[in-house]
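Model, not experiment: these values are computed from the prediction.
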Amino acid sequence: ERSYMNKNVCTFYICCCFVLCCRPPKLREISWLLFVFFSSDIEISRAQSPKAVDVLAKEIGLLTDEIEIYGQTKAKVRLSLLERLKDQPDGKYVLVAGITPTPLGEGKSTVTIGLVQALTAHLNINSFACLRQPSQGPTFGVKGGAAGGGYAQVIPMEEFNLHLTGDIHAITAANNLLAAAIDARILHENTQSDKALYNRLVPVVNGVRGFSAIQLARLRRLGINKTDPGTLTEEEVSKFSRLDIDPSTITWQRVVDTNDRFLRKITIGQANTEKEFVRQAQFDIAVASEIMAILALTTSLQDMKERLGKMVVANDKKGEPVTAEDLGVTGALAVLMKDAIKPTLMQTLEGTPVFVHAGPFANIAHGNSSVLADKIALKLVGEKGFVVTEGGFGADIGMEKFFNIKCRASGLVPSVVVLVATVRALKMHGGGPNVTAGAPLKKEYTEENLQLAADGCCNLQKQIQIAQLFGVPVVVALNVFKTDSAAEVDLVCKIAKQSGAFDAVPCNHWSAGGRGAVKLAQAVEKAARQKTSFKYLYSLQLPIVEKIRIIAQKVYGAQDIELSPAAQSQVDRYTRQGFGNLPICMAKTHLSLSHQPERKGVPTGFILPISDVRASIGAGFIYPLVGTMSTMPGLPTRPCFYDIDLDPITEQVKGLF
């Protein structure tokens with residue numbers, strides 16, 4: 001029946017249809033459930049043969065010279081497309097956010113994919129999904145992949161979850177090149193005179209001595225308007241050659257895309273060749289790198305170069321910021337990132353186009369896919385089309401940062417927020433027992449309990465109110481599980497609409513694909529016709545502390561904030577250094593509206609503690625730390641990798657989910 005299915009899947013469907021049509025109603029239901037629930041995500045993905053990526057590219061309006069093909073199913077899209085389509089009106093811009101989740105997640109990715117499948121494959125409306133690239137750390141750890149699931153996923157899911165087109169590897173290489181440059185520079189400055197250092201920084205090559213372009217730029221920043229290396233005074237030579245980095249202020253860490261808890265604190269420089277320059281350092285997971293955040297927020301290659309150069313890696317001994325530009329590494333970083341800046345084109349199970357690009361952490365960074373992917377997709381879908389993207393964690397984190405950080409960087413105005421909820425999560429917020437990843441759900445979550453679901457809707461109501469602070473209509477997508485009763489589903493949808501949602505729709509896309517999200521798509525299409533009054537939550541001109549307070553009180557529901565002495569000192573330093581007008585990116589637990597993960601529902605009356613304040617100057621935001629925040633996950637007792645394998649005959653990957 002459906003043109004996007006391959007021959008084997010169609011044959012299977014015909015057999016199932018025969019069984020379903022020739023059995024009594026109860027057996028028909030059982031047959032369908034067996035068909036759906038006994039297939040793993042990777043089996044469902046593999047059962048569908050994706051269309052060739054060059055065919056997909058042609059269908060959505062890309063020219064041959066605007067794509068760079070990676071194998072059969074992926075392609076990079078060149079940024080020149082934006083110039084060609086600059087006069088094309090943008091489509092509608094939809095953000096998928098969620099209520100405060102359980103540790104299991106509530107299905108924002110599947111809703112995103114189910115929604116675009118419904119729009120395009122079932123309602124014939126142009127649409128595009130824009131997703132983050134998943135880190136391989138969680139893929140091999142406990143969370144698994146992030147391609148969606150069931151009949152609402154990106155395919156091939158193993159390529160989506162593993163390596164993709166190498167963007168995270170490029171970020172890792174660039175990040176660690178900068179880290180190496182910092183320590184090497186300190187070593188060389190500690191072991192050489194001004195003259196020796198200058199002679200090595202500006203050597204004679206083929207009888208000619210000259211400054212590189214990035215060195216000339218540094219001279220200009222220092223107020224030294226000279227171009228001949230031989231004309232600098234001794235004072236100018238010293239000023240140019242020495243960065244005088246204070247090792248205790250280094251904030252730039254090395255990264256690796258693996259969950260490795262033993263790299264959370266390390267000692268570097270122990271070899272004799274490093275001349276006793278030893279210091280404590282750490283590794284972060286690769287997606288926590290500021291370069292990843294820059295990739296997600298940049299608007300062009302030139303903008304990316306400028307952002308990379310602005311990255312502050314430490315302070316000098318006078319308390320002034322030291323940047324990647326000062327270290328002379330900006331151009332090299334841009335070279336390593338020149339392909340990563342291009343979004344990767346893939347597709348859903350039903351052939352709807354998907355951009356996979358960037359994957360910043362949703363705590364110390366903003367947790368959204370790239371501005372460039374959104375901009376390109378909005379041009380491709382046309383004025384009546386839809387671009388659906390996703391914000392990490394709950395609406396209080398991913399959505400707030402989407403509006404206050406990403407929309408400021410892009411200049412784009414959202415049309416609709418889709419707020420994902422589950423009966424399971426609402427019961428947890430209503431006082432249900434703890435939900436633990438890997439452990440069976442308690443009976444409160446598998447049996448009907450209307451009171452528990454109703455009590456938990458306070459969190460849903462609060463998240464709707466948060467979206468309304470920004471003047472954007474909200475459609476609630478209730479991600480339905482097989483254990484949810486009809487009465488529970490009806491109750492949640494009724495409360496959501498009474499709480500100000502434009503509409504609330506139960507969704508079955510996991511088991512039915514786009515067909516299970518048609519009502520959601522229709523609701524989103526209607527909501528997008530509403531006139532929006534989009535506004536930011538705060539003015540950038542406000543002091544840093546006041547911007548933090550506004551987010552804490554209006555979004556989280558805190559009574560007030562309390563800064564530690566260290567946090568206040570950093571605020572004062574950033575303000576003095578001229579970074580006070582940047583937006584705020586709160587680093588807070590995603591498991592509660594408050595700073596305490598165990599406090600569910602809608603906590604009130606709490607004081608939000610700010611333990612530290614840091615800055616990602618290249619990305620363009622200040623990030624306060626609420627409590628402690630790990631930037632390197634660890635492996636559990638039984639990681640996902642126990643189930644992952646490779647068939648040496650077919651070369652097929654097994655066990656991914």
Side-chain angles (χ1 to χ4, degrees), residues 2-10 44-82 84-85 88 91 109-110 112-133 146-148 151-167 339 341-358 369-370 372-382 384-390 509 513-514 517 521:
R2 299 183 190 171
S3 61
Y4 54 79
M5 291 183 175
N6 68 16
K7 184 167 61 179
N8 293 335
V9 177
C10 283
I44 293 169
S45 171
R46 195 164 287 143
Q48 169 67 299
S49 295
K51 64 184 79 174
V53 72
D54 58 332
V55 174
L56 175 65
K58 186 175 181 181
E59 287 177 356
I60 63 176
L62 292 169
L63 304 180
T64 304
D65 63 354
E66 290 173 340
I67 61 171
E68 299 169 2
I69 294 176
Y70 285 64
Q72 298 291 317
T73 58
K74 308 184 295 291
K76 285 285 193 182
V77 176
R78 293 175 178 159
L79 305 188
S80 58
L81 171 70
L82 286 170
R84 177 171 69 86
L85 297 181
Q88 169 111 318
S109 296
T110 60
T112 300
I113 296 160
L115 175 55
V116 296
Q117 288 182 163
L119 285 165
T120 297
H122 299 269
L123 298 181
N124 296 315
I125 298 172
N126 287 345
S127 72
F128 230 111
C130 292
L131 299 175
R132 288 182 291 169
Q133 179 184 355
Y151 290 86
Q153 59 174 299
V154 180
I155 59 171
M157 67 94 77
E158 62 267 42
E159 295 188 24
F160 177 93
N161 286 312
L162 301 174
H163 303 299
L164 197 63
T165 47
D167 294 357
D339 292 319
I341 197 174
K342 304 165 191 171
T344 298
L345 175 66
M346 294 186 76
Q347 63 193 280
T348 71
L349 270 169
E350 300 186 17
T352 307
V354 177
F355 274 142
V356 186
H357 200 213
S369 62
S370 79
L372 281 170
D374 292 356
K375 281 179 170 282
I376 293 172
L378 285 164
K379 295 297 182 186
L380 287 171
V381 297
K384 296 182 179 179
F386 285 79
V387 171
V388 183
T389 189
E390 174 192 341
H509 46 275

Residues two or more places apart in sequence or in another chain: which of them pass side-chain contact (heavy atoms from CB on, under 4.5 Å) with Ser109?
Glu390

Can you establish whether the number of heavy atoms outside Glu59 located under 6.0 Å from its atom CD is more than 12?
yes

Between Ile376 and Leu79, is a side chain to side chain contact (heavy atoms under 4.5 Å, CB included) present by the stated rule, with each step listed?
CA-CA 8 Å; Ile376 293 172; Leu79 305 188; 4.1 Å; yes

Say whether, by atom type as modelled, one donor and one acceptor occur between the side chain of Glu350 and the main chain of Gly514 under 3.5 angstrom.
yes

Those residues that, when tested against Asp339, pass salt bridge (charged side-chain N to carboxylate O under 4.0 Å, His left out) (two or more places apart)
Lys342

Who pairs with Gln88 by side-chain contact (heavy atoms from CB on, under 4.5 Å), at least two apart in sequence or on another chain?
Leu85, Lys379

Report yes if the side chains of Thr352 and Leu119 come closer than 4.5 Å at any heavy-atom pair, otherwise no.
no

Report the distance from atom CD1 of Ile60 to atom OG of Ser127, rounding to the nearest 0.5 Å.
11.0 Å

Any donor-acceptor pair under 3.5 Å linking the side chain of Gln117 with the backbone of Tyr151?
yes

Residues in salt bridge (charged side-chain N to carboxylate O under 4.0 Å, His left out) contact with Lys375, at least two apart in sequence or another chain:
none

Walk me through it: do Leu345 and Phe128 pass the test side chain to side chain contact (heavy atoms under 4.5 Å, CB included)?
CA-CA 10 Å; Leu345 175 66; Phe128 230 111; 3.8 Å; yes

Once salt bridge (charged side-chain N to carboxylate O under 4.0 Å, His left out) is applied, do any residues pair with Lys384, and if so which ones, sequence neighbours excluded?
none

Compare every heavy atom of Leu123 with every heavy atom of Ala521, then report the nearest pair and how far apart it is.
CB-CD1, 3.6 Å

Shortest non-hydrogen separation from Pro343 to Phe355 and the atoms involved:
CB-CD2, 3.8 Å

Determine the sole option in Glu159, Glu68, Glu158 for which the salt bridge (Lys or Arg N to Asp or Glu O under 4.0 Å) test with Lys74 is passed.
Glu159

For Ala129, enumerate each residue passing the side-chain contact (heavy atoms from CB on, under 4.5 Å) test, keeping only those at least two apart in sequence or located in another chain.
Thr112, Val116, Val354

